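Just so it is clear: chains get the letters A, B, ... in the order the sequence lines come, proteins before strands, and each one is counted from 1. These numbers were taken from a predicted model, which means no experiment stands behind them.
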Amino acid sequence: MEEHYNPVDVEPKWQKYWNKNHTFKVKEDKSKEKYYLLEMFPYPSGKIHMGHVRNYTIGDVVVRYKKMQGFNVIHPMGWDAFGMPAENAAIDNNTHPAAWTYENISAMRYQLKKMGFSYDWDREIATCRPEYYKWEQWLFLKMLEKDMAYRKESYVNWCEKCQTVLANEQVESDKCWRCSENVQQKKLWQWFFKITDYAEDLLAHCNKLPGWPDKVMRMQKNWIGKSSGSEVKFKIDGSDSNNDQDSDKNITVFTTRPDTLFGSTFMCLAPEHPLVEKLSRGTSQEKQVDEFVNKVSTQERSAEGIENCEKEGVFIGAYCINPANNEKIPIYTANFALMEYGTGAVMSVPAHDQRDFEFAKKYDLNIRVVIMPEDESLDIDNMTCAYSGRGVLVNSGEFNGLENTQAIDDITAWLENQDRGKKTINFRLRDWGISRQRYWGTPIPVIHCPDCGIVPVPEKDLPVTLPEGVDLLAKGGSPLATLDSFVNVDCPKCKREDAKRDTDTMDTFVESSWYFLRYCSPRYENGMFDPETVDYWMPVDQYIGGIEHAVMHLLYSRYFMRVLNTFGMVKFKEPFTKLLTQGMVCKETLTCPEHGFVFPEESEIKSDGQVLCTKCNAPVEVGRVIKMSKSKKNVINPNDLLEKYGADVTRLFCLFAAPPERDLEWNDDGVEGCNRFINRVWRLVGKYQDFLSDVKPYSESASKLSKNAKALYIKANQTIKKVTDDIEDNFHFNTAISSVMELVNALYAMEAVERELDFLDDEMKQVITFCVENILILLSPIVPHFSEELWERCGRKSSIINHPWPEYHTDALQTDEVIIVVQVNGKLRSKFTTDINSDDEAIKNTALSDKNVLKYTSGKHIRKIIVIRKKQTLVNIVV
RNA sequence: GCCGAAGUGGUGGAAUUGGUAGACACGCUAGACUUAGGAUCUAGUACCGCGAGGUGUGGAGGUUCAAGUCCUCUCUUCGGUACCA
């Protein structure tokens, strides 16, 4: 047998074998229990990165493990193929997004195949193919018909110089990433999905997904953000009637703190609020308001940007009336008031809200305390921050003296009586804006007719395919709008000849919200999916992907299943029964003063530890450890690992380096250790190869064995239990692997004692065969090529993946002796071994007479002796 | 800012129904074998201290016979933050 494991020969051999034997092809089989394992499909950026390798290795191990347990396992793979990078690459390299994408797909498919992953490649899909997005368009039309999709005006980032819409990612500190022009906010008509219709249901089911990590549920709950509070109407000063419902005469606010209503001394409106312009017009503040609104429109629109920028506002020249005390209070417009949340208006209570407090101090506005805590007396002159805790109402008319928690209900009821307010529920969740003014996405299948308005494209005309010959840098918004042959169309309804196609495409999160259904019947031509296959395979039993998708992608997918459920197309609401969110693969960034971010291979480490850029020899700054990403160039190319060590060592390392849910900080050392372990097993098998084929593995009771054989046999059974438990318990492969390493070490240690193989008696040979066989089986999901090869070399006939997962012998888990740990006052002072059946009294006595213990106990009064028999047996003597 | 995590030797990590902190590896040190070693095998390796012993799980308090694990506060880093996917 060769001295080393040689992946170059072995890995392709077994990949061909699995391929030839259709090992991972599956179809529906009602006689078997199904198992759907899904990994988040990749965006075809060009190269598989370490995050993918990690994600897909974890999934692959589970697939092989479940298959060995007898499940009918489906394991599909595909491509999340629409998206911005293709368009950017096309602009930068003068290619077509489709050509770029398909090239990347073949390169990445080739890499995945080299990793030996167990995909049923017959089910491969790419979302940019018309056969896929046709059905997305079909669903869009169905949602449009049921009023689940609608249009409204909303803002986008706009670069005036490039005449184009920018993604948040393309805005760098309020400037365009291409030309550094100031970004503005531009109002456009855009399509939305009414996800808010399902807010309550999505929230309720957060508590019914035991297979999901708590943290993800918590994040989703907070994202949906249900809060109960009150709507309160503030009459605009100067408008005539109290009861007038006209929105011109009232400002409606949403507040969770109606108990502080008497303390509301000013009002803040979102800069986009329609009343801002209306009320400021003709006042002396008009100019300042315009300037402020313009300024805000150049500030970043992301929540992050809004919250981090300085809180500013301007008086709009109008007042409204606080309905609690009929006080006239000024109306401001402020950059922190969000049109999307609540009603776009905030009643500001500076004494009891920190943001309002700072705002009031800045603009010298009135502050009034209305909640008095029990243990101190608030005085506005001495307050340095707002008080948001509990207390008793003051300065609140008839409500003075009431507990504020009670006042929440009482004041709301009082407002309700006067028709000035009501109890209400508000969600933070907003409807899902799906319009994108981009080329490389699913075209929105509607036609705008001057007479008929919005007309859906007839089903027979689907898909609306992406046209060729579009200028991606064309000015003015959607690239599709520049192509007359695409835009100009007859109205399907009235046949008018000057109708126009919608030129927006859909958010790529739409494709990823249902791709797992398409895998069930990927070539189905009569609908999104064949219902029978979906009935069999769905829901996904185990979903695996990055924690960065904890909210959006997963929430959108849950929403889509509810839509399909409402349409009667699927029987379930939750797409993913169990979820594993793997941590990210991270690495430090390298920045060259000349060349910006540089790849690790573009830098070199000098002996003095300095890192230099290979292009210009300038010292490179070693930055923070962050998620590996192409844009930051802090990536490791898995190809290099594959070439040097092969797929199995790469896989082993990904699993051994950290538990899956934890971030993995990349470190080049460590791979070497995995390689060493693989070869250690290789040599172990080589050593015993002469009898492994002929000797049957030991299978009888442990008690019949002699001492050394018994110890080994127990270790092997413990290893089977440990590996099985570690996989079942959240896929902790790192500890599973280390327990196999321990068994391998035990075999080496035994071999060192009984140096000559001739000394091995039949009993020992049987136990060794048992150990080796199980080492290979336990490792086979992790290092499948390697295990198959050695399995074959041990004379085993059938492929190892057809071998059932091993079971341990319960009578062979425990050794006869246990170690007793003795503490004095909680500090470890001594240890001794004793028979497992010793009683507490005997253990106490041995502990007390131990000479190491006596050092600490002699001459002292023993107050208490505690004996614990759990994982460890422990005695704690309290003196 | 908000929401969610993470923090343990020189390094990755192990140990959470509270019960020996550092399993298993990497790295390092020494030895063996070898023509050779970036192969392999063996031994050692948390820190301080000559030693007895003491200290130690980001930091500060607390509960307990016993705390990495539970409680309070706090610092740092990472992810998401609705047009990156």
For nucleotides 79-85 of chain B, 5' to 3', base contacts (B), sugar-phosphate-only contacts (S) and non-contacts (-) with protein non-hydrogen atoms under 4.0 Å give SSBBBBB
Sorted by chain and residue number, the side-chain contact (heavy atoms from CB on, under 4.5 Å) partners of K860(A) (sequence neighbours excluded) come out as V879(A)
By side-chain contact (heavy atoms from CB on, under 4.5 Å), E358(A) pairs with (sequence neighbours left out) Q354(A)
Answer with yes or no whether the side chains of Q185(A) and N157(A) bring together a donor and an acceptor at under 3.5 Å. yes
Suppose you measure atom C1' in rG62(B) against the same atom in rG18(B); what distance do you get, rounded to whole Å?
15 Å
D729(A) CG to rU17(B) P, in whole Å, measures 10 Å
Contacts under 3.5 Å, N or O only, protein and nucleotides 65-71 of chain B:
| from | atom 1 | to | atom 2 | distance (Å) |
| --- | --- | --- | --- | --- |
| rC65(B) | O2' | N876(A) | ND2 | 3.4 |
| rC65(B) | O2 | N876(A) | ND2 | 2.5 |

note: N679(A), atom CG; rG38(B), atom P; distance rounded to Å ~ 17 Å
The glycosidic conformation of rG53(B), counting syn as within 90° of 0 and anti otherwise, is anti
For K827(A), the side-chain contact (heavy atoms from CB on, under 4.5 Å) test, sequence neighbours excluded, returns R829(A)
Ring centers of F359(A), F336(A) separated by less than 6.0 Å: yes
Any stem touching RNA chain B, meaning at least three consecutive Watson-Crick or G-U pairs under 3.5 Å, ordered by first number, would be B:1-7 with B:75-81, B:10-12 with B:24-26, B:27-32 with B:40-45, B:46-48 with B:53-55, B:58-62 with B:70-74
Q: In whole angstrom, give me the gap between the P atoms of rU57(B) and rC47(B).
A: 15 Å
Euclidean distance for C1', rG68(B) against rG13(B) (whole angstrom): 14 Å
- Query: Base, sugar-phosphate, or nothing: which does N308(A) touch, judged by heavy atoms less than 4.0 Å apart?
  - Reply: base
N/O contacts under 3.5 Å, protein versus nucleotides 22-26 of chain B?
| from | atom 1 | to | atom 2 | distance (Å) |
| --- | --- | --- | --- | --- |
| rA23(B) | O2' | E742(A) | OE2 | 3.1 |
| rA25(B) | OP1 | N745(A) | OD1 | 3.4 |
| rA25(B) | OP1 | N745(A) | ND2 | 2.6 |
| rC26(B) | OP1 | R676(A) | NH1 | 2.8 |

F653(A) atom CZ is separated from rG13(B) atom C1', nearest whole Å, by 11 Å
- Message: Under a plain distance cut-off of 3.5 Å, with no hydrogens placed, do R178(A) and Q170(A) share a side-chain donor-acceptor pair?
- Response: no
N634(A) CG to rU77(B) P, in whole Å, measures 17 Å
From CE of M628(A) across to C1' of rC78(B) the rounded distance in Å is 15 Å
Distance col, row T503(A):OG1 vs I444(A):CD1, nearest 0.5 angstrom, shows 9.0 Å
N/O-N/O pairs, protein side and nucleotides 29-35 of chain B side, under 3.5 Å:
none

Taking only the C1' atom of each, what is the distance from rG1(B) to rC48(B) in whole angstrom?
44 Å
Residues W432(A) and D507(A): side-chain donor-acceptor under 3.5 angstrom
yes
**Prompt:** Contact class for A657(A) vs. all strands (heavy atom < 4.0 Å): base, sugar-phosphate, or nothing?
**Reply:** sugar-phosphate
Between side-chain atoms of residues 38-47 of chain A and protein atoms elsewhere (two or more places apart, or another chain), which donor-acceptor pairs fall under 3.5 Å?
| from | atom 1 | to | atom 2 | distance (Å) |
| --- | --- | --- | --- | --- |
| E39(A) | OE1 | H75(A) | NE2 | 3.3 |
| E39(A) | OE1 | Y119(A) | OH | 2.7 |
| E39(A) | OE2 | H75(A) | NE2 | 2.5 |
| Y43(A) | OH | A86(A) | N | 3.0 |

Exercise for the section: For rG54(B) and rC3(B), measure between their P atoms and round to the nearest Å. Expected result: 45 Å
Going by distance alone, is a donor N or O of one side chain under 3.5 Å from an acceptor N or O of the other, for Q190(A) and Q437(A)? yes
Q.
Can you confirm whether or not the ring centre of W514(A) sits under 6.0 Å from the ring centre of F560(A)?
A. no
>> Any side-chain N or O of R355(A) below 4.0 angstrom from OP1/OP2 of rC2(B)?
In response: no
With a 3.5 Å cut-off and no angle check, do the side chains of Y5(A) and N675(A) form a donor-acceptor pair? no
note: M217(A), atom CE; rC3(B), atom C1'; distance rounded to Å ~ 14 Å
Protein-proximity profile, nucleotides 47-57 of chain B, B/S/- by nucleotide at the 4.0 Å heavy-atom cutoff, equals ------SSS--
The reported gap from CD1 in I737(A) to CG in L778(A) (rounded to nearest 0.5 angstrom) is 11.5 Å
L747(A) CG to rU42(B) P, in whole Å, measures 12 Å
| task | Would you mind checking if D840(A) and R869(A) are paired as a salt bridge, meaning a charged N to carboxylate O distance below 4.0 Å? | result | yes
| said: Using ring centroids (six-membered ring only for Trp), state whether Y543(A) and W212(A) fall under 6.0 Å. | reply: no
Q. Does a side chain donor of either N426(A) or S227(A) reach within less than 3.5 Å of an acceptor in the other side chain?
A. no
Taking atom C1' in both rG38(B) and rA23(B), compute the distance separating them and give it to the nearest angstrom. 27 Å
K831(A) NZ to rG19(B) C1', in whole Å, measures 13 Å
CD1 of I224(A) to CG of L203(A), rounded to nearest 0.5 Å, is 5.0 Å
Sorted by chain and number, sequence neighbours left out, side chain to side chain donor-acceptor pair (under 3.5 Å) with R680(A) holds for N745(A)
Do N207(A) and K221(A) pair up side chain to side chain, a donor and an acceptor below 3.5 Å, judged on atom types alone?
yes
Residue set satisfying side-chain contact (heavy atoms from CB on, under 4.5 Å) with R430(A), at least two apart, ordered chain then number -> E340(A)
Roughly how many Å apart are rA30(B) and rG53(B), using the C1' atom of each and rounding to a whole number?
27 Å
(request) For rG4(B) and rC26(B), measure between their C1' atoms and round to the nearest Å. (result) 31 Å
